[in-house]
Amino acid sequence: MPVVICCRDLRKTYDGKVEAVRGLNLEISAGECFGLLGPNGAGKTTTIEILEGLLPPTSGEVTILGQSWKSNAREIREQIGISLQETRLSEKLTVRETIQLFASFYRCPRPVAEVLEGLQLTEKADAQVGELSGGQRQRLAVATALVGSPRVLFLDEPTTGLDPQSRRQLWEIIRNFQKHGGTVLLTTHYMDEAERLCDRLAIVDHGQIIAEGSPPELIAKLGGHHVVEFALSGNSHGDNTLWQSLPGVDSVRNDDGMVSLSVCEPHRTIPALLAKVEERSAQLEHLTTRQASLEDVFVRLTGRHLREE
């Protein structure tokens, strides 16, 4: 597939000393939904703003649809749509008027009625923006990004603060955009969202990509495909090396009084764990096992939970 978004050795330095982005390389192919994840201060927002043409890089190359912001800014803007985490729209305009306004910015916009229907806003077409619910406002924000018939869609945490039904409605809108050949660059603080929507994703920390691949690939790189979590009474967990020696354990992590084991063979690890607990005359207060997730990958690589940010 042709490369739609590309950056080479991308760097951004503020005041000549603060390196927000440090030699970042990225390629996103046509039709992909690509996720960019990272804790606050990792350089993720700076990277996205450079790709969107909102911020000039200190050095490096950026191309969108084979064109550069330096020489083809107008052409690129005609082919991209941007939806921010919080889009400020005029409260007094109606939904229809808002979409008409944004449509007027483009040479070949989509029909307003078609956008209203696609975003499930037809019934609210004559309602003022100030009367909309949170989910309806967010769908309207995405509508303003889609009305220009973009080939590339930038979505910055599009479902933050939405109820489960509104989130799933937006997921369906994103998938539908992809089905018609669109390319999506998505940031999110929800790991389940990244796992469901993203074909590939990159984890950014300290201005560099520290991991990249599909969700199953990244989870496989974790070492184990299962996670065993347990807690002992009196916080008597002992040293990590004690649990690392258990059969099938790939890695050990302590997290808020809970011990997490990344394991390949839980049927071997769990009996050995119970035997070790009994040997120490300890009391088991909590024990669960589950499939490894992107959250586990993120915590292992960055030392933080994404939602902590």
Side-chain angles (χ1 to χ4, degrees), residues 1 4-5 28-35 48 52-53 64-65 74-188 190 192-199:
M1 298 295 288
V4 169
I5 299 174
I28 302 175
S29 300
E32 275 193 305
C33 180
F34 192 93
I48 293 169
E52 294 171 338
I64 307 294
L65 296 162
R74 173 69 188 187
E75 290 83 353
I76 295 175
R77 289 193 180 97
E78 285 283 345
Q79 300 180 84
I80 69 171
I82 300 174
S83 178
L84 305 175
Q85 181 180 350
E86 185 177 357
T87 303
R88 298 286 181 148
L89 300 170
S90 174
E91 301 276 311
K92 298 301 182 183
L93 290 180
T94 66
V95 170
R96 190 194 316 277
E97 289 167 343
T98 301
I99 298 175
Q100 287 172 338
L101 174 64
F102 277 80
S104 70
F105 302 153
Y106 297 92
R107 290 171 181 156
C108 301
R110 292 172 60 186
V112 172
E114 178 184 299
V115 176
L116 285 167
E117 182 178 354
L119 276 296
Q120 303 171 36
L121 288 169
T122 303
E123 292 184 1
K124 290 291 183 178
D126 297 315
Q128 291 185 341
V129 172
E131 301 171 355
L132 302 180
S133 67
Q136 291 164 349
R137 281 174 179 260
Q138 199 65 357
R139 292 206 305 277
L140 177 57
V142 175
T144 63
L146 290 175
V147 72
S149 299
R151 294 170 59 188
V152 182
L153 190 59
F154 292 92
L155 299 175
D156 186 9
E157 300 182 27
T159 64
T160 296
L162 298 186
D163 61 83
Q165 182 180 357
S166 297
R167 287 180 71 201
R168 285 178 173 78
Q169 287 175 332
L170 271 178
W171 290 355
E172 189 57 37
I173 290 163
I174 294 168
R175 292 191 185 103
N176 191 51
F177 177 75
Q178 263 191 286
K179 287 177 185 176
H180 290 84
T183 304
V184 181
L185 177 57
L186 170 79
T187 72
T188 179
Y190 298 108
D192 62 326
E193 187 163 271
E195 286 194 59
R196 287 171 181 261
L197 292 179
C198 296
D199 302 301

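As the structure is a computational prediction, the values presented were derived from the model and not from experiment. Computation of the quantities below employed the complete heavy-atom set of this structure, encompassing side-chain atoms and omitting hydrogens, waters and symmetry-equivalent molecules. Positions are given from 1 along the sequence.
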Point to revise | Under 3.5 Å: donor-acceptor pair, side chain of Arg139, backbone of Gln120 | key: yes
May I ask you to test the [X]-[Y] pair for a side-chain heavy-atom distance under 4.5 Å?
X: Gln136; Y: Glu123; answer: no
X: Phe177; Y: Leu155; answer: no
X: Gln79; Y: Val152; answer: no
X: Ile99; Y: Leu140; answer: yes
X: Ile173; Y: Leu119; answer: yes

Which heavy atom of [X] sits nearest a heavy atom of [Y], and at what distance?
X: Cys33; Y: Ile174; answer: SG-CG2, 4.5 Å
X: Val115; Y: Ala143; answer: CG1-CB, 3.7 Å
X: Glu52; Y: Ile80; answer: O-CD1, 4.2 Å
X: Leu170; Y: Pro158; answer: CD1-O, 3.4 Å
X: Ser149; Y: Cys108; answer: OG-O, 3.6 Å
X: Ala145; Y: Leu153; answer: CB-CD1, 3.7 Å

Check your understanding: Does one side chain, of Gln138 or Ser166, offer a donor that lies under 3.5 Å from an acceptor on the other?
Key -> no
Atom pair [atom1] ([X]) and [atom2] ([Y]), whose distance is rounded to the nearest 0.5 Å:
X: Glu32; Y: Leu185; atom1: CD; atom2: CG; answer: 10.5 Å
X: Glu193; Y: Glu157; atom1: CD; atom2: CD; answer: 9.5 Å
X: Asp126; Y: Glu131; atom1: CG; atom2: CD; answer: 10.5 Å
X: Phe154; Y: Leu84; atom1: CZ; atom2: CG; answer: 11.5 Å
X: Thr187; Y: Asp156; atom1: OG1; atom2: CG; answer: 3.5 Å
X: Arg137; Y: Leu162; atom1: CZ; atom2: CG; answer: 12.0 Å

Non-neighbouring partners of [X] that pass side chain to side chain contact (heavy atoms under 4.5 Å, CB included), sequence neighbours left out:
X: Arg88; answer: Glu86
X: Gln165; answer: Asp163, Gln169
X: Ala30; answer: Met1, Pro2, Val4, Thr183

Exercise for review: Name all residues meeting the salt bridge (Lys or Arg N to Asp or Glu O under 4.0 Å) criterion together with Arg151; count only those two or more places apart in sequence or in a different chain, and write none if there are none.
Suggested key: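 With sequence neighbours excluded, Arg151 shows a salt bridge (Lys or Arg N to Asp or Glu O under 4.0 Å) to no residue whatsoever.
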Study note, to complete from the structure: Residues passing the ring-ring contact (aromatic ring centres under 6.0 Å, His included) test with Phe105, sequence neighbours excluded, are Phe102
Review point. Which residues pass the ring-ring contact (aromatic ring centres under 6.0 Å, His included) test with Phe34, sequence neighbours left out?
Key: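 Result, ring-ring contact (aromatic ring centres under 6.0 Å, His included) vs Phe34: none returned.
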Point to revise | Glu75 atom CD, neighbour heavy-atom count above 12 within 6.0 Å | key: yes
**Study point:** Charged N-O contact under 4.0 Å between Glu172 and Arg168
**Key:** no
Review point. Do NZ/NE/NH1/NH2 and the carboxylate oxygens of Glu97 and Lys92 come within less than 4.0 Å?
Key: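 Salt bridge absent between Glu97 and Lys92.
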